[in-house]
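Reckoned from all heavy atoms, side chains included, excluding hydrogens, waters and symmetry mates. Here, residue 1 is the first one in the sequence, and each next residue gets the next number.
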Amino acid sequence: AGSFTTFDGVARNYIVRLTSSGGVDGTFTNPALITVPGGAIRSVSLHGSGDVLVGGLFRGASSSPFRHSVARLSSTGVVDSGFNVGHGAQAGSNTSVAGDVLSIASMPNGKVAIGGSFGGFNGSTARSKFLVLNSDGSVDTGRYPFVPNSDVRAVVAASDNSVIFGGDFFQLSTFTI
C-alpha cells in the first residue's frame, strides 16, 4: 500500500496484492478509490475470512464519493458497500474534505479500530483521532469515550478485543456518551 496509482505498469489506486512469485495478482481488482493530492493508503489489516481493511487519505469509492479514508475490500479488491461509514473520516467539521486515517486494526469481534489525524467522523466532530467502528461501519458509541489531543499513529487490537494505541497525544479528553 502507498501513494502509487500504477504498479509494474498495471493501474492500481494505492494498493496491490502480489502473488508468491512477486507479480501483480490479477484476481485482486483495482479498488474504485478516488485518489486525492497527497493521498495514500497508510494502513492495511486483514479482516474476517479474507476481507481487507484499508485506512489512509482518499476520497471514498467512486460509487459513494464521501466514504472518506476508510474502507473494507472483499478478498477480490471490490469495495464492500455493506461497510457503510457514511462520510467517514473528515478534516474537522467539513464533511467534503477527507481526514487522514494513519492506522487501522481488525478486532476479533468483527469491529474495526482506527486512529489518525482526522478531525471528525461521519459529520460529527465529537469523536476524532481514535474510534471503534461496528462491523457495519457505524461508530461504536458505547466504548472509548475520549478524544486524544493529537494524532494517533498506531492501533493494535488484542485477542480480548481491547485496543492498544499510541501516537503524538499526551492527554485524553473525556465526553459524556
> Relative to the ring of Tyr14, is the ring of Phe58 parallel (under 30°), tilted (30 to 60°) or perpendicular (over 60°)?
Replying inline: tilted

Note to self: Before you tell me yes or no, could you show the steps for Leu102 and Val152 under side-chain contact (heavy atoms from CB on, under 4.5 Å), namely the whole-Å CA-CA distance, both residues' side-chain angles and the distance that decides it to 0.1 Å?
What the structure shows: CA-CA 7 Å; Leu102 303 173; Val152 172; over 6 Å; no

Next item on the list: Report yes or no: do Val156 and Phe165 belong to one cluster of Ile/Leu/Val/Met/Phe/Trp/Tyr joined by side chain heavy-atom distances under 4.5 Å?
Entry: no

To the nearest 0.5 Å, atom CG of Asp136 lies from atom CZ of Phe83 at 8.0 Å

Using atom types as modelled and distance alone, determine if a side-chain donor or acceptor of Ser69 lies under 3.5 Å from a backbone N or O of Gly99. yes

Interatomic distance, CZ@Phe146 vs OG@Ser173, rounded to 0.5 Å, equals 10.5 Å

If two hydrophobic side chains count as joined below 4.5 Å and joins carry through other members, does Leu172 share a cluster with Ile164? no

- Task: Using atom types as modelled and distance alone, determine if a side-chain donor or acceptor of Asp160 lies under 3.5 Å from a backbone N or O of Ser162.
- Result: yes

Tell me which donor-acceptor pairs under 3.5 Å the side chains of residues 49-57 have, and how far apart each pair is, sequence neighbours excluded?
none

Would a distance-only check, ignoring hydrogens and angles, find a side-chain to backbone donor-acceptor pair under 3.5 Å from Arg59 to Gly39? no

Sequence neighbours excluded, the answer for side-chain contact (heavy atoms from CB on, under 4.5 Å) partners of Asp140 is Lys111, Val132, Asn134, Arg143

Inset, instruction - For Val85 and Asn122, run side-chain contact (heavy atoms from CB on, under 4.5 Å): C-alpha distance rounded to whole Å, both residues' side-chain angles, the deciding distance at 0.1 Å, then the answer. - result: CA-CA 7 Å; Val85 297; Asn122 195 19; over 6 Å; no

Here the salt bridge (Lys or Arg N to Asp or Glu O under 4.0 Å) pairs for residues 7-19, sequence neighbours left out, are Arg17-Asp25

- Query: For Ser106, does its backbone N or O pair with a side-chain atom of Ser45 as donor and acceptor, under 3.5 Å?
  - Reply: yes

The reported gap from CD in Gln90 to OG in Ser96 (rounded to nearest 0.5 angstrom) is 9.5 Å

Those residues at least two apart in sequence (or on a different chain) that pass side-chain contact (heavy atoms from CB on, under 4.5 Å) with Ser150 are Asp168, Phe169

So CG of Leu73 and CG of Leu33: to nearest 0.5 Å the spacing works out to 6.5 Å

Excluding Leu18, membership of its hydrophobic cluster (Ile, Leu, Val, Met, Phe, Trp, Tyr; side-chain heavy atoms within less than 4.5 Å) reads Phe4, Phe7, Val10, Val16, Val24

For Val155 and Ala113 the tightest heavy-atom approach is CG1-CB, 3.5 Å

Taking every heavy atom of Ser159 against every heavy atom of Pro108, the minimum-distance pair comes out as O-CG, 3.8 Å

>> Strictly distance-based, threshold 3.5 Å: is any side-chain N or O of Thr95 a donor or acceptor partner for the main-chain N or O of Gly123?
In response: no

One should read off an interatomic distance between Phe118 CZ and Leu131 CG, to the nearest 0.5 angstrom, of 4.5 Å

- Donor-acceptor contact below 3.5 Å, side chain Asp151 vs main chain Gly167: no

Correct closest heavy-atom pair for Thr141 and Arg127 would be O-NH2, 3.2 Å

Residue pairs passing the salt bridge (Lys or Arg N to Asp or Glu O under 4.0 Å) test with at least one member in residues 73-93, sequence neighbours excluded, are Arg72-Asp80

- hydrophobic_cluster_shared for Ile114 and Val139, side chain cutoff 4.5 Å: yes

So OG of Ser3 and CG of Asn13: to nearest 0.5 Å the spacing works out to 11.5 Å

